[in-house]
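Read through the structure below, which is laid out as structure tokens, and then see the notes.
Counting starts at 1 for both ligands and their atoms, following the listed order. The structure presented is a predicted model; accordingly, all values stated were derived computationally and were not measured.
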Amino acid sequence: MTRLLLASTSPARLATLRSAGIEPVVHDPEVDEEQVLASTEARFGKLAPEDAALTLARAKAEAVSARAAGEFLVLGCDSILELEGQIYGKPASAADAASRWRTMRGRTGALHTGHWLVDIRSTTAAGTGGAIGSTASTRVHFAELTDAEIDAYVATEEPLRVAGAFTVDGYGGPFVAGLEGDHHNVVGLSLPLLRNLLADFGVAITDLWR
Ligand SMILES: Nc1nc2c(ncn2[C@@H]2O[C@H](COP(=O)(O)OP(=O)(O)OP(=O)(O)O)[C@@H](O)[C@H]2O)c(=O)[nH]1
């Protein structure tokens with residue numbers, strides 16, 4: 001029976017899958033994201049934000065696929081925020097998070113999540129490592145936070161743990177004025193996109209329900 005192997009330490013991605021009835025096996029991809037991006041851009045030049053997210057998602061899925069075995073489809077994901085041409089992962093510090101929010105407030109960004117699925121099943125021809133991937137993007141409208149709200153939000157330390165220094169489903173919820181597109185994608189994993197990627201391997205997402 002095909003199972004999903006989530007190549008991610010993200011608690012939000014795991015919670016998203018569980019809430020959708022899927023209990024994945026979880027492996028830490030142990031990928032140095034900065035090193036992957038630097039080496040990729042050294043070879044191919046500056047990556048568009050969507051491609052950067054997909055490159056990192058692929059690196060995570062491939063790292064886990066190389067050491068996993070069994071009837072699995074291995075999913076890697078990576079989320080980044082694009083704001084006026086700049087890409088942002090997790091903030092480097094509280095000061096960085098505060099500075100970003102002073103830039104983000106009142107503006108609209110795009111949260112891109114790369115998804116990469118590798119078929120390591122031995123029971124299918126594609127099980128020879130067939131893989132597919134895509135990036136889902138959600139436009140995010142940020143509210144006009146006051147300086148006091150920024151300071152209070154950063155003090156929760158939540159912004160330090162997430163791409164783009166914001167969440168849509170945590171303390172950050174009041175500061176996201178609106179979304180255009182899939183909100184799960186903002187949390188870190190697009191369920192509609194996963195459904196499509198699974199279908200490309202002949203797997204219905206309903207087959208994965210526990
Ligand atoms: N709960 C929640 N988490 C978010 C949100 N936006 C981004 N994140 C999380 O921010 C993290 C983005 O960093 P990534 O590098 O993609 O993933 P990670 O957490 O480092 O985990 P790995 O996949 O193991 O690299 C992910 O864990 C996302 O789930 C949000 O709105 N809500």
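Here's the thing with V187: one of its N/O atoms is less than 3.5 angstrom from an N/O atom of ligand 1. The distance criterion of under 3.5 Å between nitrogen or oxygen atoms is not met by T167 with respect to ligand 1. Here's the thing with V186: one of its N/O atoms is less than 3.5 angstrom from an N/O atom of ligand 1. Residue contacts with ligand 1: A163 is placed with a nitrogen or oxygen under 3.5 Å of a nitrogen or oxygen of the ligand (distance criterion only). Between D169 and ligand 1, at least one N/O pair is under 3.5 Å apart.
Of all the listed residues (V168, V64, L81), V168 holds the heavy atom that lies closest to atom 31 (O) of ligand 1.
Against a heavy-atom cut-off of under 4.0 Å, K90 is close to the following atoms of ligand 1: 13 (O), 18 (P), 19 (O), 20 (O). Listed by number with element, the atoms of ligand 1 under 4.0 Å from a non-hydrogen atom of A12 are 1 (N), 2 (C), 3 (N), 29 (O). Per-residue contacts place T9 under 4.0 angstrom from the following atoms of ligand 1 (heavy atoms of the residue considered): 21 (O), 22 (P), 23 (O), 24 (O). Close approach of ligand 1 to D78 (heavy-atom distance below 4.0 Å) involves ligand atoms 14 (P), 15 (O), 16 (O). Near S8, with a cut-off below 4.0 Å to any heavy atom, the atoms of ligand 1 are 21 (O), 22 (P), 23 (O), 24 (O). Of all atoms in ligand 1, numbered sequentially from 1 with element shown, those under 4.0 Å from a heavy atom of P29 are 24 (O).
At the top of the distance list for atom 26 (C) of ligand 1, counting protein heavy atoms only, stands S10 OG, 3.6 Å. R13 NH2, 2.8 Å is the protein heavy atom nearest to atom 16 (O) of ligand 1. What sits closest to atom 25 (O) of ligand 1 on the protein, heavy atoms only, is K60 NZ, 2.8 Å.
Between E23 and R3 there is no salt bridge, since none of the side-chain N atoms of the basic residue sits less than 4.0 Å from a carboxylate O of the acidic one.
Distance CD/E71 to CG/L5: 12.0 Å, rounded to 0.5 Å. The structure places CD of E82 at 7.5 Å from CD1 of I80, a figure rounded to the nearest 0.5 Å.
Ring centers of Y153 and F175: under 6.0 Å apart, within the cut-off.
Using a 3.5 Å distance cut-off with no hydrogens or angles, the side chains of R13 and S79 do pair a donor with an acceptor. At a cut-off of 3.5 Å, with distance as the only test, no side-chain donor of T108 or R139 sits close to an acceptor on the other residue. Side-chain contact annotation: T138 with D182, donor-acceptor N/O pair under 3.5 Å absent. Side-chain contact annotation: S137 with H112, donor-acceptor N/O pair under 3.5 Å present.
More than 12 non-hydrogen atoms from other residues, nucleotides or ligands lie less than 6.0 angstrom from CZ of R105. Heavy-atom contacts from other residues, nucleotides or ligands closer than 6.0 Å to CD of Q35 number more than 12.
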